[in-house]
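None of these values were measured; they are calculated from a predicted model.
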Amino acid sequence: MAAPPAPIKTPCIKVCVIDGQSSLCLGCFRTLAEVAGWARLSPEDREAVMAELPSRRDRIAPEKLAFF
């Protein structure tokens with residue numbers, strides 16, 4: 001019997017709210033297109049996006065992040 005596939009690594013924290021000004025999710029800082037296409041990205045592409053996410057936080061007004 002074949003082993004089940006490894007789970008897909010994701011930055012999702014189950015706070016799925018897209019900020020209209022930055023177009024980023026307030027929970028994980030991905031764009032809507034990245035969220036929607038996440039499972040279709042290669043592991044390397046997912047890692048590249050995840051490496052960029054911390055720098056995206058500055059694109060969201062701090063008061064919007066205060067709730068999370």
Margin query: Could you see if Leu53 belongs to whatever hydrophobic cluster contains Ile18? Use Ile, Leu, Val, Met, Phe, Trp, Tyr and a side-chain cutoff under 4.5 Å.
Written below: no

Check: Between Cys16 and Cys25, which heavy-atom pair has the shortest distance, and what is it?
Finding: CA-SG, 4.0 Å

Notebook entry, point to check: Taking atom CZ of Arg40 and atom CG of Asp45, what is their separation to the nearest 0.5 Å?
Noted result: 12.5 Å

Next item on the list: Please confirm whether the backbone N or O of Lys9 pairs with a side-chain atom of Trp38, one donor and one acceptor, at under 3.5 Å?
Entry: yes

Next item on the list: Over all heavy atoms of both residues, which pair between Cys28 and Pro11 is shortest? Give the atoms and the distance, please.
Entry: CB-O, 3.6 Å

Next item on the list: Verify the neighbour count for atom CD of Gln21: are there more than 12 heavy atoms of other residues, nucleotides or ligands below 6.0 Å?
Entry: no

Notebook entry, point to check: What distance separates Thr31 OG1 from Asp19 CG, expressed to the nearest 0.5 Å?
Noted result: 12.5 Å

Margin query: Hydrophobic clustering (ILVMFWY, side-chain heavy atoms < 4.5 Å, transitive) - are Phe29 and Met50 grouped together?
Written below: yes

Next item on the list: Heavy atoms only: give me the nearest Leu65-Leu26 pair and the separation to one decimal.
Entry: CD2-O, 3.7 Å

Margin query: Quick check: is Leu24 connected to Val49 through a chain of hydrophobic side chains (ILVMFWY, heavy atoms under 4.5 Å apart)?
Written below: yes

Checklist line | Closest approach of Gly27 to Ile13 (non-hydrogen atoms, all atoms of both residues) | finding: O-CD1, 3.4 Å

Next item on the list: Taking only Lys NZ, Arg NE, NH1 and NH2, and the carboxylate oxygens of Asp or Glu, determine whether Arg30 and Glu52 approach each other closer than 4.0 Å.
Entry: no

Margin query: Run the salt bridge (charged side-chain N to carboxylate O under 4.0 Å, His left out) test on Arg56 and Glu34 for me, step by step, so that the C-alpha distance in whole Å, both residues' side-chain angles and the decisive distance to 0.1 Å come before the verdict.
Written below: CA-CA 13 Å; Arg56 294 181 183 185; Glu34 288 168 341; 2.6 Å; yes

Note to self: Tell me the closest heavy-atom pair linking Ser22 and Ile60, and the distance in Å.
What the structure shows: OG-CG1, 3.5 Å

